[in-house]
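By convention in this document, chain letters (A, B, ...) are assigned in the order of the sequence lines, proteins followed by strands, and residues within each chain are numbered from 1.
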Number of protein chains: 2
Amino acid sequence: MKRITLLDVASHAGVSRATASLVVRDSPLVGAATRAKVEAAMAELGYVYNLGAARMRAARSRTAGVIIPNLTNPFFAVLLAGIESALETAGLAVILANSNESAAKQDGFVNRMREHGVDGLIVCPAEGTEQRFVDDARRWGMPLVQTLRFLPGTSADYAGMDPAAGMREAVQCLFDFGHRRIGYIAADTLHSAHTERLASFHDAMAASGLDPLFVRQIESTHHTARMAAPEIMNRPARPTALICHNDVLGLGLHRGLSDLGVMPGRDVSLVGFDNVAEADLVRPGLASVATEPFKVGEMAARLLLRRIERPDAEVLHETEPTYFVQRGSCGPVRSTVSAVEA
Amino acid sequence: MKRITLLDVASHAGVSRATASLVVRDSPLVGAATRAKVEAAMAELGYVYNLGAARMRAARSRTAGVIIPNLTNPFFAVLLAGIESALETAGLAVILANSNESAAKQDGFVNRMREHGVDGLIVCPAEGTEQRFVDDARRWGMPLVQTLRFLPGTSADYAGMDPAAGMREAVQCLFDFGHRRIGYIAADTLHSAHTERLASFHDAMAASGLDPLFVRQIESTHHTARMAAPEIMNRPARPTALICHNDVLGLGLHRGLSDLGVMPGRDVSLVGFDNVAEADLVRPGLASVATEPFKVGEMAARLLLRRIERPDAEVLHETEPTYFVQRGSCGPVRSTVSAVEA
DNA sequence: CTTATCATTTAGATCGATCTAAACGCACGG
DNA sequence: CCGTGCGTTTAGATCGATCTAAATGATAAG
């Protein structure tokens, strides 16, 4: 039992190999009657197209490489879902790799992707990725899209999100509730998503005529955030509101504050970032700036398809806007702060 | 600027194409001095191995297809992470597809995977997948591993989880707290994971000498579960404890009950399934039966590698045990139930 | 000195498709 | 009747590796 090839199909249909090839590729050159004959033969023999052989002659391979720093994080999983969805619609298969935030592993994966002959790459660069990464891709003629994180100083397509609008709405909401002492809980990682959000915080505060009370860096896990709650609330300059770099920190802190008997929305206002599903499940609900990773994924895929089609098109930076979702964790500043401190 | 081939490497190193081929494949046939020469040439020319060409002659393609029903669900995302991790260690690249619970799409993906010449498939079958699915794979000689869900009546390797241990511990814990009126909240989907967990619930109850109070089906979303809380608590046979098919239902119900002023762990005990990270963040924490999707993913990958290596090996069903994680949402049954109803 | 043995190396066919360029059949106008 | 043009079809070369089977050279044995 050997593999059925185009040649088998062709002889079974009484045409040449070349004609059969034209049929599988939906070429307009082939006549309707011939096409029907060949298609019947294909069905009858159970022919399976061999993309591997095709890729050798033709340039395209109908695959794209996707490198994600951490699949365990639902945020990236949804991003991946968006990428997969859009690429699949365009007929490209996704070859997946998980860099685990290791730039070295990431380099290895890029090599493997090249060996597989992918038509292009979508990468959310691992921490510590160097500019060289993007330059190499350009040198190799490999279409590349960065997503969610952008390597400064590089020139490549980018699909990300713009925290500005959501952040401004969040700060405005807090301001309207009377908050003036607002702290920022940052993550300890140092990629562009971090600095972008922090910068947008500073901008939004300035727009409301406020100075940040403090910026505190915390490792981005539920546990560390939870444990950091006492330290944050007991600092001399006690905040009345906190904005967190993401919902991992926001939810962790939510729980940490509750443990202390400090009720979010009443004793302190709390804002997260990403609006994960669970933000709506804690009590009170965690107000959060919604970002839409699925849409960002689709956007990244579209940029890649465009780049594959037109390698010399101008470099694009596209961002998805964010918006604030108010929930119970934000409320009016308490008139008698001393009562809380007692 | 054309592509560097093995022939270029060979002539640059002063050997034949065949020898160069042996070097890239780490064959022991080639001498040390020659190997060094060829490797130097490869580095100098920036040679990239062409897996597409190799796959045409050789059988293996160093890729595996993975089809998941829903990437947006963190549970599957972690499963995927486990699969990816183990396959990558073995040098196989993952071609990913998201069936979105559509059997038709799933069929399409299997075809695409065949066209790509994958060495094997790991599939968590979409709802409504027919037995034919597994039979086809066997007929095609395509190594196949089912994971998390098992098509009844089929014979193929399977990597899943065994809810029995965790379920028994959960029921035992509730029993020890004095609970006798225990209801089960099931999902509305009908695959094997559903029936397995439900069956393990019945077994565990029987082992404690109890009869299930009721089994209620709910669509598996946070929102529906939350909305169903009143109906569940107001039924004539009011439960003192609830076990949920997964944490999506568990967390949704946790919030729904809280909304009613029914406090989990005090007024009713609540157990989830999967032990997602967020189970520890709500207040009180949601007790949950821990399953380890990452390990299941690794297990599925191992099974596939074994099957690829030995196509005729006996069919294996492997399961990862589960265990109960107690948290605040489980507590002693209240002596005066009427007080709650007031 | 010849022959057998062993470890290396290699030429040439081959995998299954696509590409190029030419050939084919047919209708039409001169 | 011939040349031209158009829509189809095709033979043969080709992509870049691997495979088979044979050649090569060095060493050991007879």
Residues at least two apart in sequence or cross-chain that pass side-chain contact (heavy atoms from CB on, under 4.5 Å) with B/A86, listed by chain then number, are B/E298, B/A301
Would you tell me whether A/T154 and A/Q146 have side-chain atoms, one donor and one acceptor, within less than 3.5 Å of each other? yes
Going 5' to 3' along nucleotides 13-20 of chain C, which nucleotides have protein heavy atoms under 4.0 Å from the base (write B), which only from the sugar-phosphate (write S), and which from neither (write -)? BBBBBBB-
Could you tell me whether the side chains of B/S102 and B/S99 share a donor-acceptor contact shorter than 3.5 Å? no
For the helix from C/dC1-D/dG30 to C/dG30-D/dC1, what angle lies between the axis at the first five pairs and the axis at the last five pairs, to 10 degrees? 70°
Establish, with yes or no, whether the OP1 or OP2 oxygen of C/dT9 is under 4.0 angstrom from a side-chain nitrogen or oxygen of B/T34. yes
Taking only residues two or more places apart in sequence, or in another chain, which ones meet A/Y158 in a ring pair (Phe, Tyr, Trp, His ring centres under 6.0 Å)? A/F150, A/H317
A/T19 vs D/dT10: side-chain N/O to OP1/OP2 distance below 4.0 Å: yes
Sorted by chain and number, sequence neighbours left out, ring pair (Phe, Tyr, Trp, His ring centres under 6.0 Å) with A/H194 holds for A/H245
Kindly state each residue pair satisfying salt bridge (charged side-chain N to carboxylate O under 4.0 Å, His left out) with at least one member in residues 19-28 of chain B, sequence neighbours excluded. none
Can you name the closest pair of heavy atoms from B/A64 and B/L92 and give their distance? CB-CD1, 4.1 Å
Is there a side-chain contact (heavy atoms from CB on, under 4.5 Å) between B/R55 and B/R60 once you walk through the steps? CA-CA 6 Å; B/R55 132 176 8 168; B/R60 50 161 203 163; over 6 Å; no
